[in-house]
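Every heavy atom of this structure was used, including side-chain atoms; hydrogens, water molecules and symmetry mates were not. Every number for a ligand or one of its atoms is a count from 1 in the order of the listing. Please read these numbers as outputs of a predicted model, since none were measured by experiment.
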Amino acid sequence: MTIRPLVILPDNQLRLRSKPVETFDRALEKLVEDMFETMYDAPGIGLAAIQIGVPLRVVTMDLAPKDEPREPRIFVNPEIVSRSEAFACYEEGCLSIPDYYEDVERPDRVRVAYQDMKGARHELDADGLMATCIQHEIDHLNGVLFIDHISKLKRDRVVKKFVKQARRDGPAGAKPQHEAL
Ligand code: NI
């Protein structure tokens, strides 16, 4: 297992639309292992593969409270099949936009279709933190960031800050390492 460098705003990879997983093989297992390793190290509660520079529709998640046993979850090719009309507001953050948090409104409940590591299909009803997290991660697979859901004024301000930071750190800063997949 390897902790991989995180792709950080304003890296354009974050705007890519990730491709569906078609082969459920050892390479996928390796990717997921690295994603968990990277996510737990950060630490974070959810990660999309593109955040380590791999444009595949894979999400890892663990919503277990700190000090409680881990509850790793894997969503391959996840898709929202229905959304509640009611909205809920949560303060969100993102490992690709470190140290920035803002309230985001999203549907309160969603039904998600996804595949497991063997390619079997499942559906899941999510509410609360799980609903927020899965919507945030599926957004990543479509090149959408949580800052796209806040006001343009706030978004411009945070993007500007990260552009400045990237310029200061130089291009060698957090370049993701690609592996063949
Ligand atoms: Ni994120």
cation_pi(Arg70, Tyr40) dist<6.0 Å, angle<=45: yes
For the Ni ion (ligand 1), every protein N/O/S atom that sits closer than 2.8 Å, waters excluded: Cys94 SG, His136 NE2, His140 NE2
Pro20 versus Asn77, closest heavy-atom pair with distance: CA-OD1, 3.3 Å
Salt-bridge contact Asp34-Lys30 (side-chain N to carboxylate O under 4.0 Å): yes
Sidechain-backbone polar pair: Ser96 side chain, Leu9 backbone, donor-acceptor under 3.5 Å: no
Arg111/Asp125 salt bridge by N-O under 4.0 Å criterion: yes
Partner residues of Arg155 under the side-chain contact (heavy atoms from CB on, under 4.5 Å) criterion, sequence neighbours left out: Ile147, Asp148, Ile150, Lys152, Val159
